[in-house]
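Step one of this worksheet: look at the structure below.
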Amino acid sequence: MSNNTLLIELGTEELPPKALTKLATAFYDSIVEQLAAANLTFDDAKWFASPRRLAVKVNALQANQADKVIEKRGPAVNVAFDSEGVATKAAQGWARSNGITVEEAERLVTDKGEWLLHKATVQGKAVNDLVPDMVKQAVTKLPIPKPMRWGSSRIQFIRPVHTITMMFGSDVIEGEILGVKSANVLQGHRFHFEGKVELAHADEYEAALKDAYVIADFAKRREMIVEQVNGAAAELNATALIDEELMDEVTGINEWPSVLVGTFDEDFLQVPAEPLIYSMKDHQKYFPVMGKDGELLAKFIFITNIESKDPQQIIHGNEKVIRPRLADAEFFFKTDKKQTLESRLESLGNVLFQKQLGTLKDKSERIAELSKAIASLLNENADNAFRAGLLSKTDLMSEMVLEFPQVQGTMGKYYAQNDGEVADVAQALEDQYRPRFAGDALPEGNIGASVAIADKIDTLVGIFGINQAPKGDKDPFALRRAAIGLIRIIIEKELSLDIADLLKVSIDSYGDKLLNENVAADVVDFIMGRFRAYYQEQGISVDVIQAVLANKPTAPLDFEQRVKAVSHFRTLEQAQALAAANKRVGNILAKFDGELYSEFDFAKASEAQEIALAEKFNALTVELAPVFAAKDYQLALTKLAELRAPVDEFFDNVMVMADDEAVKINRLTLLSQLRAAFFNVADISLLQ
């Protein structure tokens, strides 16, 4: 049997659409890994997934494993035979275990001695013999959180299984998986195709299913849906709001996608767009439509799994379903507007933020005070920041947010506008949650930034303060996301804020609620750890990040300036030599446990090279004073790079650890001051 195509398919009831790609790729990965482990070569492999199937197709798979020669070493010859040349019991036992006699054994001679040796040929197995066990292994490893049983069987899987297809070329691989025997049959479309699809050859998989109204290739099906949705939107002279997760889910629901367009009452457009959008996307899996002016249209695009002879009936049915959903949103909006955000403050006292840290009302009051302090540091309106902080969580008590949690903050903005709050306060209520995820927009204004920072700091301090720091991959309060968001806001909006100062205000606001005496240091260390992830995503090398982390600057914008400076310094030709010199100086100083002089004493200097280095360094120190004051770290390191030549001359010609104690301490003092100058920016000795 030559190389051929392997097809494996599990035919099931409708699989969970949100989990479909995860299941399919896990199944694919396991099969491919097992084929590789079995030393079976193939050209390429591909996974398929639709609502009622998971499949893997492997092209030009090697039909049989190659035979293998296995060498089994026996006892050493001097142990295998006694003084008269008779085989010992050890040799005889080894020979019997290998099915040979001692006389039939070969010899293995090495420079370390001679041993008995048996070479056994293990015949390679055929694909047909290997695949059933591979599929069983792959099935057991699938990420299935809640397996189910069906019928009277005790077999468990994510959904009932109807067909198992295992084929190598035109041959059916015999086997039983999940209680179902393998055959050359597949399930077609549930409504458009009756009976089973009979497959003559594994190569016909996609074509045969297409004839049965199934697009098996997930990526192709997804691309079809994207094109259909965009095409339908273009006909409306509009743009469809395509959410990637929703698109994956819709692709996981449909095997034979067809696009249709529905309409809803324009009166619903008086409700803010966000809850209407979430209602369409989350509840109904529809794609909302925006006009050229960026306003939501009274249209929606949806995908159906059948080609209807009367599509208007399907459209009418979906329009009928969406109306009560939108009516709910309209009702919530009208009801919520009857009560001001301020009037909801007291009700926050009935909702716990965390049992040891108090209620949402307590949190709002802490956020308000910290927001006010931050706004003052930024020369913004502190009263507006306080007001925004105080109202920040009030929309959580509204009917709309209780129904659509995703619009928290956004609805706060709309309700604040309705209440007549100033624009900065209203916008800050939406900005407080930004950035919600990687790449998300930052707060629009500095009042919003103040509240967003305050909220994140308050959560970090509170949770670390009760010793509930994240462990492993468990982070129930999303502290990692909060820290990254905090860093992004301060750096990307170029805000001159020091986290250490903000932590002090936040810690004081908690009173005696915090149990951890080292909360400030712990939060700083945690945030420092997030800097690494933040900069690595930007392609900054790890050694640059570590060099700056050694200095532990707690002002993110200052951290950013240092990172840029060290990244630039690293490109200079002097960088490598100066990094090595700093490392050498660090090692020398680490071994010295005495006291250094307050400054280098020229009277104790005798070598020309140490005098030259000291003079050059002193001159640079004068130049660098205003540079460091301005925090122009790049210029500072560029100027310090001028020390490369005198530093090299110093180490080539001067004995640092001189016999004369005073001379030695004087030279160590110079080196310490030199290293400290670099350390004003970062520890460049860590550069690779």
Side-chain angles (χ1 to χ4, degrees), residues 366-389 391-392 408-410 412-413 416 422-461 478-506 523-524 526-540 545 548-549 553-565 567 630-634:
R366 292 193 302 267
I367 291 173
E369 291 293 348
L370 185 52
S371 298
K372 181 178 181 180
I374 294 170
S376 296
L377 291 170
L378 298 176
N379 295 317
E380 297 288 345
N381 190 309
D383 291 338
N384 285 350
F386 180 88
R387 179 71 173 172
L391 299 178
S392 60
Q408 63 182 357
T410 299
K413 177 183 73 173
V422 299
D424 281 349
V425 170
Q427 184 59 47
L429 299 190
E430 181 174 52
D431 285 346
Q432 66 177 303
Y433 296 106
R434 292 176 174 170
R436 294 177 177 85
F437 50 84
D440 189 23
L442 298 177
E444 287 187 14
N446 282 352
I447 298 297
S450 299
V451 179
I453 293 169
D455 190 5
K456 293 167 176 59
I457 289 280
D458 180 81
T459 301
L460 286 163
V461 167
L479 300 187
R480 293 184 181 94
R481 187 175 66 195
I484 286 284
L486 181 69
I487 290 168
R488 277 197 61 201
I489 293 170
I490 296 176
I491 290 176
E492 295 172 31
K493 289 185 73 69
E494 298 184 354
L495 306 178
S496 296
L497 295 171
D498 192 316
I499 288 171
D501 295 337
L502 305 184
L503 291 177
K504 187 177 185 308
V505 177
S506 180
V523 173
V524 166
F526 182 76
I527 293 173
M528 289 292 144
R530 307 285 77 72
F531 274 111
R532 178 187 289 244
Y534 177 73
Y535 284 111
Q536 280 186 283
E537 282 187 3
Q538 299 177 39
I540 303 294
I545 303 167
V548 178
L549 280 170
T554 54
L557 188 56
D558 185 61
F559 199 110
E560 164 84 352
Q561 291 162 342
R562 291 171 192 267
V563 165
K564 287 181 177 177
S567 295
K631 295 187 177 182
D632 191 343
Y633 300 120
Q634 184 166 313

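One-based numbering along the sequence shown. It should be emphasised that the depicted structure is a prediction, and the values quoted were computed from it without experimental measurement.
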Among D501, L460, T459, V461, find the one that has a side-chain contact (heavy atoms from CB on, under 4.5 Å) with S506.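 Exactly one candidate clears the test, V461.
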Side chains of [X] and [Y]: closer than 4.5 Å at any heavy-atom pair?
X: I527; Y: L486; result: yes
X: R562; Y: F559; result: no
X: I487; Y: R530; result: yes
X: L495; Y: L557; result: no
X: S392; Y: D455; result: no
X: M528; Y: V524; result: yes
X: P556; Y: L497; result: no
X: I491; Y: F531; result: yes

Which atom of [X] lies closest to which atom of [Y], heavy atoms considered:
X: K413; Y: L429; result: N-CB, 4.0 Å
X: A385; Y: A375; result: CB-CB, 3.5 Å
X: I447; Y: A428; result: CG2-CB, 4.0 Å

Should D558 and Y633 be marked as a side chain to side chain donor-acceptor pair (under 3.5 Å) after you check the CA-CA gap, both sets of side-chain angles, and the distance that decides it? CA-CA 9 Å; D558 185 61; Y633 300 120; 2.5 Å; yes
Residues two or more places apart in sequence or in another chain: which of them pass side-chain hydrogen bond (donor to acceptor under 3.5 Å, both in side chains) with D424?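 For D424, no residue satisfies side-chain hydrogen bond (donor to acceptor under 3.5 Å, both in side chains) once neighbours in sequence are set aside.
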Inter-residue atom distance [X].[atom1] - [Y].[atom2], 0.5 Å rounding:
X: K372; Y: D383; atom1: NZ; atom2: CG; result: 6.0 Å
X: L549; Y: Y535; atom1: CG; atom2: OH; result: 9.5 Å
X: I484; Y: I489; atom1: CD1; atom2: CD1; result: 11.5 Å

side-chain hydrogen bond (donor to acceptor under 3.5 Å, both in side chains) pairs, two or more places apart, involving residues 480-498: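 Non-adjacent pairs meeting side-chain hydrogen bond (donor to acceptor under 3.5 Å, both in side chains): R488-E492, E492-Y534, D498-T554.
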Is there a donor-acceptor contact under 3.5 Å from the side chain of [X] to the main chain of [Y]?
X: D458; Y: A454; answer: no
X: S371; Y: I367; answer: yes
X: N446; Y: A449; answer: no
X: Q432; Y: V451; answer: no

Taking NZ in K456 as the centre, count heavy atoms belonging to other residues, nucleotides or ligands within less than 6.0 Å. Is the count above 12?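 Yes, the 6.0 Å shell around NZ holds more than 12 heavy atoms from other groups.
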side-chain contact (heavy atoms from CB on, under 4.5 Å), that's the test. Do L502 and I374 meet it? Break it down for me. CA-CA 8 Å; L502 305 184; I374 294 170; 3.7 Å; yes
Between D431 and R434, is there a side-chain N and carboxylate O pair less than 4.0 Å apart?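 Salt bridge between D431 and R434, a charged N being under 4.0 Å from a carboxylate O: yes.
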